[in-house]
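Structure first, commentary second.
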Amino acid sequence: MKLSNKTQALQDLIAPAVQACGVDLWGIEFLPQGKRSLLRIYIDKEVDQTTPVLNEDGEEEQGRGIGVQDCVRVTQQVGAMLDVHDPISGEYSLEVSSPGWDRPFFQLQQMPAYVGQQVALRLISAVDNRRKFQAKLVSVDLESEMIQVEVEKQQVLEIDSHNIDKANLVYQD
């Protein structure tokens, strides 16, 4: 789950602007697409279940995750910062959203909270003759940078986090 140099530079530039909006930067995707690139920013925040908050309509709600107003604030803040620093050559689209139910993982440190849940993985090099699969996340070892997943028939595979091209949570209701 290594970011490209360009994506890492953009993340380092964007992170303070996102934090200033009172939300956490979950991750970014930078997709150069010819004349028009796409910069997608995922934001998240802790959900406080104990303290009621007022929503945009002035109604009281229990704690909630990312809302439209959070996305608007981050879009304005990051958009202004990108206009000043101009790190992306050419035209680009800026999208800001929550990670959603099928949240993508950008760092190994994001995964321990989801042990026991289903994840979809795309690997760089095949493990057990497979590059793509869904599996139950069994453990995450941050020190050795390895994860263990359980595939069919209770087979447990160890995967080096540097071999993960893409990983995301699989929504299950």
Side-chain angles (χ1 to χ4, degrees), residues 1-32 38-51 62-68 70-71 73-75 77-78 94-173:
M1 289 195 280
K2 183 167 174 19
L3 299 176
S4 71
N5 291 339
K6 177 71 172 185
T7 304
Q8 185 65 55
L10 284 167
Q11 183 164 309
D12 293 344
L13 186 64
I14 290 168
V18 172
Q19 293 290 0
C21 296
V23 296
D24 299 320
L25 178 61
W26 182 261
I28 71 168
E29 294 176 340
F30 178 64
L31 307 167
L38 173 65
L39 176 59
R40 185 175 294 132
I41 301 172
Y42 294 99
I43 57 175
D44 202 14
K45 67 181 173 184
E46 289 290 320
V47 177
D48 181 5
Q49 296 294 344
T50 59
T51 308
Q62 286 306 104
R64 59 183 175 88
I66 294 299
V68 173
D70 296 314
C71 295
R73 275 194 301 278
V74 171
T75 300
Q77 185 83 8
V78 170
L94 175 61
E95 290 182 9
V96 178
S97 76
S98 75
W101 293 107
D102 59 345
R103 63 185 50 225
F105 295 110
F106 295 93
Q107 301 171 22
L108 189 62
Q109 293 80 358
Q110 295 170 329
M111 296 181 89
Y114 299 94
V115 167
Q117 297 188 40
Q118 289 287 314
V119 293
L121 298 172
R122 184 173 71 201
L123 305 179
I124 297 167
S125 300
V127 171
D128 197 37
N129 296 320
R130 295 169 66 183
R131 284 190 55 229
K132 293 172 84 173
F133 50 88
Q134 284 189 18
K136 178 180 171 184
L137 185 60
V138 175
S139 71
V140 179
D141 187 338
L142 298 176
E143 196 171 299
S144 67
E145 298 184 336
M146 300 288 282
I147 66 169
Q148 287 187 334
V149 294
E150 182 182 302
V151 291
E152 310 89 22
K153 303 177 189 108
Q154 286 78 37
Q155 179 187 10
V156 175
L157 301 176
E158 267 200 0
I159 300 171
D160 185 325
S161 67
H162 301 289
N163 189 26
I164 300 173
D165 182 38
K166 188 174 182 181
N168 65 284
L169 194 61
V170 174
Y171 174 71
Q172 296 177 319
D173 55 2

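None of these values were measured; they are calculated from a predicted model.
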Practice task
For D128, look at atom CG and say whether over 12 heavy atoms of other residues, nucleotides or ligands are found less than 6.0 Å away.
Solution key: yes
Show the atom names and distances, to 0.1 Å, of all donor-acceptor pairs under 3.5 Å that link a side chain in residues 131-138 to residues at least two apart or in another chain.
| unit_1 | atom_1 | unit_2 | atom_2 | d |
| --- | --- | --- | --- | --- |
| R131 | NE | L123 | O | 2.9 |
| R131 | NE | I124 | O | 3.3 |
| R131 | NH2 | L123 | O | 3.1 |

Exercise for the section: Report the residues that fulfil side chain to side chain donor-acceptor pair (under 3.5 Å) with Q154, sequence neighbours left out, ordered by chain and then residue number. Expected result: none
Exercise for the section: With sequence neighbours left out, write down each residue that passes side chain to side chain donor-acceptor pair (under 3.5 Å) with S139, or none if nothing qualifies. Expected result: Q148
Handout entry: Evaluation steps, side-chain contact (heavy atoms from CB on, under 4.5 Å), between Q109 and L142
Key = CA-CA 7 Å; Q109 293 80 358; L142 298 176; 4.3 Å; yes
Considering all heavy atoms of both residues, which atom of [X] and which atom of [Y] are nearest to each other, and what is their separation?
| X | Y | result |
| --- | --- | --- |
| A120 | V170 | N-CG2, 3.6 Å |
| T7 | S4 | OG1-OG, 2.9 Å |
| D70 | G65 | OD2-O, 4.0 Å |

Exercise for the section: Sort and list the pairs that fulfil salt bridge (charged side-chain N to carboxylate O under 4.0 Å, His left out) and have at least one residue in residues 3-18, not counting sequence neighbours. Expected result: none
Problem - Residue pairs involving residues 97-113 (criterion salt bridge (charged side-chain N to carboxylate O under 4.0 Å, His left out); sequence neighbours excluded) - result: D44-R103
From [X] [atom1] over to [Y] [atom2], what is the distance, rounded to the nearest 0.5 angstrom?
| X | Y | atom1 | atom2 | value |
| --- | --- | --- | --- | --- |
| R73 | C21 | CZ | SG | 7.0 Å |
| S98 | Y42 | OG | OH | 9.0 Å |
| S161 | I147 | OG | CD1 | 8.0 Å |
| M111 | D141 | CE | CG | 13.0 Å |
| I14 | I28 | CD1 | CD1 | 4.5 Å |
| N5 | Q8 | CG | CD | 8.5 Å |

Practice task
Please list, chain by chain and in numerical order, all residues satisfying salt bridge (Lys or Arg N to Asp or Glu O under 4.0 Å) with D165, sequence neighbours excluded.
Solution key: R122
Fill in the blank from the handout: salt bridge (Lys or Arg N to Asp or Glu O under 4.0 Å) filter on E95, not counting sequence neighbours, yields R40
Exercise for the section: List the steps and the verdict of side-chain contact (heavy atoms from CB on, under 4.5 Å) for I43 and C71. Expected result: CA-CA 8 Å; I43 57 175; C71 295; 4.2 Å; yes
By side-chain contact (heavy atoms from CB on, under 4.5 Å) - contacts of [X] (at least two apart):
| X | answer |
| --- | --- |
| Q110 | W26, F105, F106, Q107 |
| Q19 | D24 |
| P16 | none |
| T75 | L94, V96 |

Practice task
Please list all pairs passing the ring-ring contact (aromatic ring centres under 6.0 Å, His included) test where one or both residues lie in residues 148-173, with sequence neighbours left out.
Solution key: W101-Y171
Practice task
Let me see the working for K45 and I66 under side-chain contact (heavy atoms from CB on, under 4.5 Å), right down to the final yes or no.
Solution key: CA-CA 7 Å; K45 67 181 173 184; I66 294 299; 4.0 Å; yes
